[in-house]
Amino acid sequence: MRKIFLATAALLALVSCTEKFDDLTARVMDVARQQCILMDERLADNVMPKTFKDGINEDSPLKWWCSGFFPGTLWEVYQATGDEEILAIAAKQTLKLSGICHEDTHHDIGFQVNSSFGNAYRATGDPCWLPVIDSAATKLAGRFIPAAGIIQSWKSSKKWDCPVIIDNMMNLELLEYASKLFDKPQLDAIACSHADVTMKNHFRDDYTTWHVLAYDRSNGDVIKKQTHQGYSDDSAWSRGQAWALYGYTMMYRETGHERYLAQAENVADMLLPRLPGDGIPYWDFDAPKIPKELRDASAGAIMASAFVELSTLTKDKAKSKAYRKMALRQIRTLSGKEYLAAPGENGCFILKHSVGSIPGNSEVDVPLSYADYYYLEAINRFNTLED
Ligand code: GLY
């Protein structure tokens, strides 16, 4: 009996390894399309999907940092399928966020607007999407602190007067995009300053990154190096490493500055040997009970998307091959039964098994909207690669 079971498991593994990428794309996009339509039907006008736990959907207000990811997911499905019904839903869900370009209490407006309005403009070329991108980039740039050379992430608190989190690298994409769209070189200058100061202060010698740095806003001195969502101040929180990989890859794509490519490769080369065999990281690389710790599908999806892009940018053929191989492994794992939902289940989200914050005891082993978004982006990016 055990032999039959092992033979069946081996056969299934072989089938999933040999599935043509076109077939994988069609299968996943079909699930994603169905889930998105169901999600849209259940979603009220004043909220966005946040997660699903114990059979109940939890939604977020529109100003929540993740509000752009459901619209972004819809734009990714539209890109892959050209489905007109999805296009209409994507436009409707994006327009819900028109007011958030006035939000200036956190840095996440970059995530929110780039994945929604940014993708809307990239997909359609319709100038109706531009004013929100322009206003949001201006608001984000308003958080720049010249004496420290960084964009402040969160509001000042008793714990951190001027906190910057590694996640903030992701918001620079909106600045770079707006800089080119609206011919505003000052936005590129702010993004490069933030990326340079982060490169100097936020990384350890082994190219893992701290999560939160607290700066002295008057002179840029670093006061604290800590974590918020990781296992400990000294550990490598997986999603933070993913944001770093994606952020410097994106900054090289946008600016052509070789120092960002070198940093992205340094992070990638640190990650490759530390990732588990199936490519999906535990929630923190230094969590104490590995392999009994939870995986974080969101970190795997973000890394997969970044690895695909980095494989096209590096000039080192061996590295390119290794990054592409890892991206494919991560995409295939996420596209298996363990992670990919069946239509109608999982609260209408696409992927299972992400981790928001274990120290905060919130969103633990659940679906998350950004895991879905970066997973589909990774698949779409992989489809643009030449053989
Ligand atoms: N940017 C917040 C997170 O990655 O959880």
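Side-chain atoms are counted along with the backbone in the values below, which use heavy atoms only and exclude waters and symmetry mates. Owing to the predicted nature of the structure, the values given are computational and were not obtained by experimental measurement.
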Asks: Flag yes if more than 12 heavy atoms outside Asn361 fall under 6.0 Å of its CG atom; otherwise flag no.
Replies: no
Asks: The test is salt bridge (charged side-chain N to carboxylate O under 4.0 Å, His left out); show your working for Arg217 and Asp161 and say whether it passes.
Replies: CA-CA 8 Å; Arg217 67 177 67 246; Asp161 177 41; 3.2 Å; yes
Asks: Taking all atoms of both residues into account, what is the closest heavy-atom pair of Asp372 and Ile350, and its distance?
Replies: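 For Asp372 versus Ile350, the nearest heavy atoms are OD2-N, 2.9 Å.
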Asks: Are a donor atom and an acceptor atom from the side chains of Ser232 and Asp234 found within less than 3.5 Å of each other?
Replies: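 Not at all, the side chains of Ser232 and Asp234 share no donor-acceptor pair under 3.5 Å.
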Asks: Once you measure the plane-to-plane angle for Trp154 and Trp160, does it fall in the parallel (<30°), tilted (30-60°) or perpendicular (>60°) bin?
Replies: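 Ring orientation of Trp154 relative to Trp160: tilted.
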Asks: Between the side chains of Arg239 and Ser354, is a donor N or O closer than 3.5 angstrom to an acceptor N or O?
Replies: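 Result is no, nothing qualifies.
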Asks: By the definition ring pair (Phe, Tyr, Trp, His ring centres under 6.0 Å), identify the one residue from Tyr373, Trp243, Tyr374 that meets it with Phe111.
Replies: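 When ring pair (Phe, Tyr, Trp, His ring centres under 6.0 Å) is applied between Phe111 and each of Tyr373, Trp243, Tyr374, only Trp243 qualifies.
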Asks: Nearest heavy-atom pair of Leu272 and Ala322: which atoms, and what distance?
Replies: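 Result for this residue pair: CD1-CB, 3.9 Å.
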Asks: Check this for me, if you would: do Arg33 and Glu85 make a salt bridge, where the nitrogen-to-carboxylate-oxygen distance has to be below 4.0 angstrom?
Replies: yes
Asks: Looking only at heavy atoms, what is the nearest atom pair of Ser335 and Leu340, with distance?
Replies: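 Looks like O-CD2, 3.8 Å.
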Asks: Less than 6.0 angstrom from the centroid, inside 45 degrees of the normal: does Arg324 satisfy that with respect to the ring of Phe382?
Replies: yes
Asks: Any luck finding a side-chain donor-acceptor pair between Ser305 and Glu377 under 3.5 Å?
Replies: yes
Asks: Mind listing the closest non-hydrogen atom pair of Met48 and Gln93 along with its distance?
Replies: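 Minimum heavy-atom separation between Met48 and Gln93: CE-O, 3.2 Å.
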Asks: Going by atom types only, do His211 and Asp233 share a side-chain donor-acceptor pair under 3.5 Å?
Replies: no
Asks: Is Arg122 positioned over the aromatic face of Tyr177, cation under 6.0 angstrom from the ring centre and no more than 45 degrees off axis?
Replies: yes
Asks: Hey, quick one: are Met270 and Trp210 part of the same hydrophobic cluster, counting side-chain heavy atoms closer than 4.5 Å, chains of contacts allowed?
Replies: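 The answer is no; the residues belong to distinct hydrophobic clusters.
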Asks: Ile165, Met169: one ILVMFWY side-chain cluster at the under-4.5 Å cut-off?
Replies: no
Asks: Determine, stepwise, if the pair Asn201 / Tyr215 fulfils side chain to side chain donor-acceptor pair (under 3.5 Å).
Replies: CA-CA 10 Å; Asn201 293 330; Tyr215 282 92; 3.1 Å; yes
Asks: Go through the steps to decide whether Arg27 and Glu19 satisfy the test salt bridge (charged side-chain N to carboxylate O under 4.0 Å, His left out), and finish with yes or no.
Replies: CA-CA 10 Å; Arg27 177 170 64 81; Glu19 183 182 26; 2.9 Å; yes
Asks: For a quick test of reading the model, state the closest non-hydrogen atom pair linking Lys155 to Thr105 and the distance between them.
Replies: CG-O, 3.5 Å
Asks: For the residue pair Tyr260 / Asp196, report whether a side-chain donor-acceptor contact shorter than 3.5 Å exists.
Replies: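 A pair is found: one side chain offers a donor N or O, the other an acceptor, under 3.5 Å apart.
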Asks: Could you go through the salt bridge (charged side-chain N to carboxylate O under 4.0 Å, His left out) check for Glu338 and Lys352 one step at a time?
Replies: CA-CA 8 Å; Glu338 177 70 13; Lys352 304 181 263 189; over 6 Å; no
Asks: Before giving the answer on ring-ring contact (aromatic ring centres under 6.0 Å, His included), spell out for Tyr248 and Phe203 the whole-Å C-alpha distance, their side-chain angles and the decisive distance to 0.1 Å.
Replies: CA-CA 12 Å; Tyr248 283 95; Phe203 289 86; 5.8 Å; yes
Asks: Looking only at side chains, do Asn383 and Thr25 share a donor and an acceptor under 3.5 Å apart?
Replies: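 On atom types as modelled, these side chains qualify, holding a pair under 3.5 Å.
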Asks: Look at atom NZ of Lys200 and say whether more than 12 heavy atoms of other residues, nucleotides or ligands are closer to it than 6.0 Å.
Replies: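 Not buried by this count: 12 neighbours or fewer within 6.0 Å.
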Asks: Determine whether Leu213 and Met199 fall in the same hydrophobic cluster, where Ile, Leu, Val, Met, Phe, Trp and Tyr are linked whenever their side-chain heavy atoms lie under 4.5 Å apart.
Replies: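 No, separate clusters.
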Asks: Taking a hydrophobic cluster as the set of Ile, Leu, Val, Met, Phe, Trp and Tyr residues connected by side-chain heavy atoms closer than 4.5 Å, whether directly or through intermediates, do Tyr323 and Val308 fall within one such cluster?
Replies: yes
Asks: Will you find, in the side chains of Trp129 and Thr124, an N or O donor that is under 3.5 Å from an N or O acceptor?
Replies: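 Trp129 vs Thr124: donor-acceptor pair found between side chains.
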Asks: Determine the minimum heavy-atom distance between Tyr78 and Asp83, stating which atoms define it.
Replies: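 Heavy atoms of Tyr78 and Asp83 come nearest at CD1-O, 3.4 Å.
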Asks: Before you tell me yes or no, could you show the steps for Glu41 and Leu38 under side chain to side chain contact (heavy atoms under 4.5 Å, CB included), namely the whole-Å CA-CA distance, both residues' side-chain angles and the distance that decides it to 0.1 Å?
Replies: CA-CA 5 Å; Glu41 283 169 3; Leu38 292 170; 4.0 Å; yes
Asks: What I want to check is whether the side chains of Asp284 and Ser235 have a donor and an acceptor closer together than 3.5 Å.
Replies: yes
Asks: In terms of hydrophobic clusters joined by side-chain contacts under 4.5 Å, are Val197 and Val267 together?
Replies: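 Per the 4.5 Å side-chain linkage, Val197 and Val267 are not co-clustered.
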Asks: Please check if the number of heavy atoms outside Lys317 that lie under 6.0 Å from its NZ is greater than 12.
Replies: no
Asks: Quick one: side-chain contact (heavy atoms from CB on, under 4.5 Å) partners of Lys289, sequence neighbours excluded?
Replies: Lys292, Glu293
Asks: I'd like to check the salt bridge (charged side-chain N to carboxylate O under 4.0 Å, His left out) partners of Lys337; sequence neighbours left out, ordered by chain and number.
Replies: none
Asks: Under a plain distance cut-off of 3.5 Å, with no hydrogens placed, do Thr314 and Glu265 share a side-chain donor-acceptor pair?
Replies: yes
Asks: Can you see whether Trp64 engages Gln112 through a side-chain donor-acceptor pair at a distance of less than 3.5 angstrom?
Replies: no
Asks: Look at atom NZ of Lys63 and say whether more than 12 heavy atoms of other residues, nucleotides or ligands are closer to it than 6.0 Å.
Replies: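 No, because the 6.0 Å sphere around NZ of Lys63 holds 12 heavy atoms or fewer from other groups.
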Asks: Of Trp283, Tyr339, Tyr282, Phe52, which is the lone residue that meets ring pair (Phe, Tyr, Trp, His ring centres under 6.0 Å) with His353?
Replies: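 Single pass found, and it is Tyr339.
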Asks: Assess the pair Tyr370 and Trp65: is the distance between their ring centroids shorter than 6.0 Å?
Replies: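 Centroid separation for Tyr370 and Trp65: below 6.0 Å.
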